[in-house]
Number of protein chains: 2
Amino acid sequence: MTHSEENYLKVIYHLSVVSPRGVNTNAIAGMIESKASSVTDMVKKLAEKELILYQKYQGVTLTEKGLLAAKMIVRKHRLWEVFLVEKLDFTWDEVHDVAEELEHIKSEKLINKLDAFLGFPTEDPHGDPIPNAKGEIKKIDKQLLSDLETGQKGICVGVKDSASSFLQYLDKQQIALGSKIEIIGKETFDMSLTIIVDGKEMIISNKIANNLFVKLAT
Amino acid sequence: MTHSEENYLKVIYHLSVVSPRGVNTNAIAGMIESKASSVTDMVKKLAEKELILYQKYQGVTLTEKGLLAAKMIVRKHRLWEVFLVEKLDFTWDEVHDVAEELEHIKSEKLINKLDAFLGFPTEDPHGDPIPNAKGEIKKIDKQLLSDLETGQKGICVGVKDSASSFLQYLDKQQIALGSKIEIIGKETFDMSLTIIVDGKEMIISNKIANNLFVKLAT
DNA sequence: AAATATTTTTAGTTTTGTCTAAATTTTAAT
DNA sequence: ATTAAAATTTAGACAAAACTAAAAATATTT
Ligand SMILES: [Mn+2]
Ligand SMILES: [Mn+2]
Ligand SMILES: [Mn+2]
Ligand SMILES: [Mn+2]
């Protein structure tokens with residue numbers, strides 16, 4: 001599989017979460033940063049290789065084979081992110097672009113040895129699950145902070161968006177994975193939240209709350 | 001720079017050692033495993049980018065810029081080889097192909113952090129020198145085992161060829177970097193050598209002796 | 001020095017992955 | 001049910017990196 005084919009497969013995999021009944025050409029083009037016509041071409045090739053099911057005008061879905069291949073790319077991406085943060089002292093906002101390149105290195109032995117070296121981590125630095133060598137993913141019990149009610153408490157376990165500007169904002173506010181968050185107020189006008197993060201009170205916008213995953217604390 | 005351009009540059013760099021007055025089209029084609037006509041095309045592109053000097057029919061030489069770029073690729077290749085052996089427990093015959101891919105990852109920060117993580121190694125698992133971040137290379141005092149006289153002793157410090165079949169042969173004979181080698185006899189007919197490796201006597205062919213580097217022990 | 005062999009370059013194709021512009025199909029709105 | 005809008009596909013083109021076959025330049029023999 002080429003570099004480009006792998007990128008398409010991964011994007012289709014991610015889009016499948018929200019569009020399980022078929023991923024659109026345009027959505028793929030948006031993620032890959034290419035044009036719809038280019039997507040049509042590539043999608044035909046992937047269908048030819050039986051990695052996806054493609055019906056003209058109806059969008060695409062991954063086959064079993066394509067799903068496993070996509071998971072293996074995601075596995076590599078996330079393991080490399082763990083390596084960069086844990087071993088090379090990268091910050092969580094610096095790792096994504098490098099991992100985008102590293103995920104294409106073709107060596108099963110490499111990735112399995114890396115996995116062992118890192119102690120078989122189950123989550124990456126952004127709280128996303130890492131598929132194991134068989135492609136199995138441990139379901140993480142989490143929900144968006146924006147879905148919590150006033151008075152509820154949770155522990156920050158992941159980010160939905162991992163744009164570096166967002167991650168750097170979180171660093172500045174001292175919000176990290178593991179932080180205890182309690183909601184003490186909701187503004188109905190703009191849906192902004194007043195929260196207490198590890199004892200410190202602050203106000204965050206709805207957009208922030210919409211991109212933070214928490215595990216509900218009872 | 002593309003993947004392919006980097007491979008050409010690296011090959012030209014290696015061939016420059018034996019052909020400092022200009023590397024031939026055919027020699028490059030042999031190493032890249034492509035055809036002379038393809039080399040001509042690529043060589044024009046590299047000259048256009050001022051990475052090499054190219055005169056029709058006269059071979060190519062690296063510019064300062066091209067030399068530094070080539071050294072950075074070699075640096076990455078060898079640091080990744082050290083990583084694979086030291087941290088992921090690969091054997092020295094398994095690392096080259098993976099490093100061929102890893103050497104193209106584009107991140108200065110990554111390679112310098114990797115360098116630090118590995119403790120700034122100066123040689124790779126095959127005894128080849130690793131250029132530092134400035135492109136400086138520590139000259140290693142070594143010579144071919146085949147150039148030693150009967151009675152001389154040395155310590156194995158590197159291999160000239162690093163084909164996995166050769167490396168596996170060395171493993172089988174328990175010859176490794178650091179082994180003490182003494183020449184106790186030379187056969188004039190086929191230039192085979194009788195040697196003592198860490199106390200163990202054995203016979204090796206001229207081809208083996210021609211691919212082993214030793215540091216002379218006084 | 002001329003003839004021959006070798007090396008290198010040019011010319012013309014191919015494949016991969018992209019693009020623009022036009023045509024087609026599907027979806028949404030009157 | 002038409003019509004308008006949006007999404008998707010087709011057609012044709014291009015750049016990168018490879019190839020084969022033929023032409024040109026250089027090197028080697030006789
Ligand atoms: Mn990422
Ligand atoms: Mn991640
Ligand atoms: Mn190598
Ligand atoms: Mn090496």
Side-chain angles (χ1 to χ4, degrees), chain A residues 1-16 18-62 66 69-70 73 100-101 103-106, chain B residues 1-13 15-16 18-62 66 69-70 73 100-101 103-104 106:
Chain A
M1 233 192 311
T2 68
H3 209 274
S4 185
E5 288 172 341
E6 290 190 340
N7 282 333
Y8 273 88
L9 217 54
K10 187 183 59 166
V11 160
I12 293 166
Y13 172 73
H14 287 312
L15 290 171
S16 293
V18 259
S19 311
R21 301 252 145 253
V23 178
N24 315 325
T25 303
N26 258 354
I28 299 170
M31 293 278 274
I32 298 270
E33 292 182 306
S34 68
K35 296 296 153 75
S37 56
S38 309
V39 173
T40 302
D41 287 345
M42 180 56 85
V43 134
K44 284 177 184 169
K45 197 191 305 180
L46 294 174
E48 190 62 42
K49 295 192 176 186
E50 300 188 304
L51 293 162
I52 61 175
L53 298 175
Y54 166 58
Q55 299 217 91
K56 269 190 189 180
Y57 297 99
Q58 302 312 131
V60 302
T61 51
L62 292 169
I73 300 161
E100 285 289 302
E101 289 192 58
E103 72 189 6
H104 300 290
I105 303 293
K106 280 159 198 36
Chain B
M1 235 193 308
T2 68
H3 210 275
S4 185
E5 287 172 344
E6 289 190 341
N7 283 334
Y8 273 87
L9 217 54
K10 187 182 57 165
V11 160
I12 293 165
Y13 172 73
L15 291 171
S16 293
V18 259
S19 312
R21 302 253 143 254
V23 178
N24 314 326
T25 302
N26 258 356
I28 298 170
M31 292 276 276
I32 299 271
E33 292 181 305
S34 67
K35 297 296 154 71
S37 55
S38 309
V39 173
T40 303
D41 287 345
M42 180 56 86
V43 134
K44 284 177 183 169
K45 196 191 304 181
L46 294 174
E48 189 62 42
K49 295 192 176 187
E50 299 188 305
L51 292 162
I52 61 174
L53 297 175
Y54 166 59
Q55 299 216 92
K56 269 189 187 183
Y57 297 100
Q58 302 311 132
V60 302
T61 51
L62 293 168
I73 300 161
E100 285 288 304
E101 290 191 56
E103 73 189 5
H104 299 292
K106 281 158 197 39

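Note on naming: letters A, B, ... go to the chains in the order of the sequence lines (proteins, then strands), and numbering restarts at 1 for each one.
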Compare every heavy atom of Ala69(A) with every heavy atom of Met1(A), then report the nearest pair and how far apart it is. CE-CB, 4.0 Å
Quick one, which residues of residues 5-13 of chain B touch DNA chain C with a heavy atom under 4.0 Å? none
Is there a residue in residues 46-61 of chain B whose heavy atoms reach under 4.0 Å of DNA chain D, and which residues are they? Tyr57(B)
In whole Å, what is the span from the CZ atom of Arg21(A) to the C1' atom of dT27(C)? 19 Å
Take the protein atom CG of Asn24(B) and the nucleotide atom P of dA27(D), then report the distance between them rounded to whole Å. 10 Å
Salt bridge (Lys or Arg N to Asp or Glu O under 4.0 Å) partners of Lys106(B), counting only residues at least two apart: Glu6(B)
Name the atoms and distances for all side-chain donor-acceptor pairs under 3.5 Å in residues 48-62 of chain B, with sequence neighbours left out.
residue: Lys49(B); atom: NZ; partner: Glu5(B); partner atom: OE1; Å: 3.1
residue: Lys49(B); atom: NZ; partner: Glu5(B); partner atom: OE2; Å: 3.0

In short, Tyr8(A) meets Leu46(A) closest at the heavy-atom pair CB-CD1, 3.8 Å
Closest non-hydrogen atom pair, Ala29(B) against Ala36(B): CB-N, 3.8 Å
Could you write out each protein N or O paired with an N or O of nucleotides 2-4 of chain C at a distance under 3.5 Å?
none

Could you note down all residue pairs passing side chain to side chain donor-acceptor pair (under 3.5 Å) where residues 19-33 of chain B supplies at least one of them, sequence neighbours left out? none
For Ile12(B), is there any backbone N or O sitting under 3.5 Å from a side-chain donor or acceptor partner on Ser16(B)? yes
Residues in contact with DNA chain D, drawn from residues 34-43 of chain A - heavy-atom cutoff 4.0 Å: Ala36(A), Ser37(A), Thr40(A)
Could you tell me whether the phosphate oxygens of dA18(D), OP1 or OP2, come under 4.0 Å of any side-chain nitrogen or oxygen in Ser4(B)? yes
Could you tell me the separation between the CD atom of Glu33(B) and the P atom of dC19(D), rounded to a whole number of Å? 10 Å
Asn26(A) side chain N/O closer than 4.0 Å to the phosphate oxygens (OP1, OP2) of dT8(D)? yes
Can you list the residues that meet the side-chain hydrogen bond (donor to acceptor under 3.5 Å, both in side chains) rule with Glu103(A), with sequence neighbours excluded? Lys10(A), His77(A)
